[in-house]
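Structure first, commentary second.
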Amino acid sequence: MSYQKRTAALASVAALAGSAVLMSAPVAHASVVDVNYQCKTPIGDKSAVSPIDIKGVKSGAGYRVTMSWQKGVSSSPVELGKGAMSPSATIVLGGADSGTLAVSGPANQAAIPANTPIKISDLTGTYTPKKTGKVTFTPGVLTIKALGTTTTCTPSNTPGPALTLDVTAAGGASDSGSSGGSSTGSTGSTGSTGSAGSGSGGGTLPQTGPADSAIALGTLGATVLLTGAVGTLWLTRRGRAGQARR
């Protein structure tokens, strides 16, 4: 085989190997789900439907999970001044994991007029997987604390998962293990803090869904391509040196 044909063959193999590595990168699945909240308030029952999305970003050994509301829920018969309302919620874990993830956020940054739907700020928490597999994240119970009262809003329509992550636990534990994933809610920066808890269950979510895995695999693909290029250059120089000696 001529040097030119060997060079072309090596380049093709390297390119195919790099493409295969990139195509194997895991992808997280996220979608907006409508949640029909039934709220128990100090002045009676109320209901509201809000589209909710959940995102997960790799952060250290775990994932930073953010829950966002696109519409307000419940309301107050009196104005809520700045910092008077503190929200928190739970996210139900499924798939390879179980239990709940606690998320919380800052108190309201501006006054909320009376009889106006309460817009919930983004709530965040940290999810640390203890098992490997696909984990689903579904909106759970919302809790609103304001002026010494507590309003609890529970989904009544059994919403589907808003996020699915394919995660790997430290040490590569499978979902047959007994330990569960741990979770921690964050506190707000102003006003009183939202309630936080810890979820249990196992399981392992690219951004949306982890982009880090795709980046790492992309780097491996680039390394394969670079290795092929170096081999091609060495063969070409060797061929020229042989022709010079002749």
Side-chain angles (χ1 to χ4, degrees), residues 28 30-60 62-93 100-128 137-156 159 161-163 165 182-199 205 207-208 211:
S31 61
V32 177
V33 295
D34 289 332
V35 181
N36 187 349
Y37 279 110
Q38 298 297 316
C39 301
K40 299 291 185 180
T41 79
I43 59 172
D45 295 348
K46 296 187 177 183
S47 63
V49 176
S50 178
I52 293 177
D53 71 278
I54 300 175
K55 293 182 173 63
V57 181
K58 191 75 170 66
S59 178
Y63 296 83
R64 181 176 177 81
V65 178
T66 302
M67 185 177 186
S68 302
W69 277 257
Q70 295 185 8
K71 290 183 179 180
V73 298
S74 191
S75 62
S76 171
V78 298
E79 179 180 276
L80 298 178
K82 178 181 179 180
M85 183 274 294
S86 296
S88 62
T90 59
I91 296 174
V92 180
L93 305 176
T100 58
L101 167 68
V103 291
S104 59
N108 56 305
Q109 301 298 304
I112 302 173
N115 301 312
T116 300
I118 298 174
K119 178 66 171 70
I120 306 300
S121 59
D122 287 354
L123 306 184
T124 61
T126 300
Y127 171 70
T128 303
F137 295 74
T138 303
V141 176
L142 167 67
T143 301
I144 301 173
K145 293 186 177 181
L147 304 178
T149 67
T150 300
T151 294
T152 303
C153 300
T154 304
S156 64
L163 177 67
L165 290 178
S182 62
S183 59
T184 305
S186 62
T187 57
S189 58
T190 61
S192 59
T193 60
S195 63
S198 59
L205 257 192
Q207 189 133 66
T208 249

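Basis for what follows: all heavy atoms, side chains included, without hydrogens, waters or symmetry-related copies.
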Item to check | From CA spacing to verdict: side-chain contact (heavy atoms from CB on, under 4.5 Å), T124, R64 | outcome: CA-CA 7 Å; T124 61; R64 181 176 177 81; 3.5 Å; yes

Item to check | Closest approach of M85 to K119 (non-hydrogen atoms, all atoms of both residues) | outcome: CE-O, 4.2 Å

Checklist entry - Would you say the side-chain atoms of K58 pair up with the backbone N or O of G60, donor to acceptor, closer than 3.5 Å? => result yes

Next on the checklist: Taking the side chain as everything from C-beta on, heavy atoms only, tell me whether C39 gets closer than 4.5 Å to S47.
Outcome noted: no

Item to check | N108 side chain to G81 backbone, donor-acceptor under 3.5 Å | outcome: yes

Item to check | Passing option when P159 is tested against I52, V92, D34, V35 for side-chain contact (heavy atoms from CB on, under 4.5 Å) | outcome: V35

Next on the checklist: Nearest 0.5 Å, please: how far is OG in S76 from CG in N115?
Outcome noted: 7.5 Å

Checklist entry - Taking the side chain as C-beta and beyond, is there a heavy-atom pair between V141 and T152 under 4.5 Å? => result yes

Item to check | For the student: nearest non-hydrogen atoms of P117 and S75, plus distance | outcome: N-CB, 4.3 Å

Checklist entry - Hey, does the side chain of S59 reach the backbone of G62 with a donor-acceptor pair shorter than 3.5 angstrom? => result no

Checklist entry - So, for D122 and P106, which heavy atoms are closest and what is the spacing to 0.1 Å? => result O-CD, 4.1 Å

Next on the checklist: Could you report the tightest heavy-atom contact between A111 and P113, atom names first, then the distance?
Outcome noted: O-CD, 3.7 Å

Checklist entry - How far does OG1 of T100 sit from CD1 of I91, to the nearest 0.5 angstrom? => result 9.5 Å

Checklist entry - Can you check whether Q70 reaches D53 side chain to side chain, under 4.5 Å on heavy atoms? => result yes

Item to check | Qualifying residues under salt bridge (Lys or Arg N to Asp or Glu O under 4.0 Å), relative to K40, sequence neighbours excluded | outcome: D45

Item to check | Nearest-0.5 Å distance that lies between atom CG in L147 and atom OG1 in T150 | outcome: 11.0 Å

Checklist entry - Quick one: does K55's side chain get under 4.5 Å of L163's, heavy atoms only? => result no

Checklist entry - Can you name the residues that form a side-chain contact (heavy atoms from CB on, under 4.5 Å) with P42, not counting sequence neighbours? => result T149, T151

Checklist entry - Can you check whether L142 reaches Y37 side chain to side chain, under 4.5 Å on heavy atoms? => result yes

Next on the checklist: Do V73 and I120 make a side-chain contact, defined as non-hydrogen atoms from C-beta onward lying under 4.5 Å apart?
Outcome noted: yes

Item to check | Closest approach of L80 to A146 (non-hydrogen atoms, all atoms of both residues) | outcome: CD2-CB, 4.1 Å

Next on the checklist: I want to check something: taking the side chain as every heavy atom from C-beta on, are V65 and T126 in contact at a cut-off of under 4.5 Å?
Outcome noted: no

Checklist outcome for this item: One should read off an interatomic distance between I144 CD1 and S88 OG, to the nearest 0.5 angstrom, of 9.0 Å

Next on the checklist: I want to check something: taking the side chain as every heavy atom from C-beta on, are L123 and T66 in contact at a cut-off of under 4.5 Å?
Outcome noted: no

Checklist entry - Looking only at atom types and distance, does a side-chain atom of Q38 sit under 3.5 Å from a main-chain N or O of N36, one as donor and one as acceptor? => result no

Checklist entry - Between CD1 of I54 and OG1 of T138, what distance do you get to the nearest 0.5 Å? => result 6.5 Å

Item to check | Nearest-0.5 Å distance that lies between atom SG in C153 and atom CD1 in I118 | outcome: 8.0 Å

Checklist entry - How close do P139 and A162 get, heavy atom to heavy atom, and via which atoms? => result CD-CB, 4.3 Å

Next on the checklist: Go through it in stages, so that I can follow the logic: the residues are L101 and F137, the test is side-chain contact (heavy atoms from CB on, under 4.5 Å), and I'd like the CA-CA distance, side-chain angles, deciding distance and then a yes or no.
Outcome noted: CA-CA 9 Å; L101 167 68; F137 295 74; 4.2 Å; yes

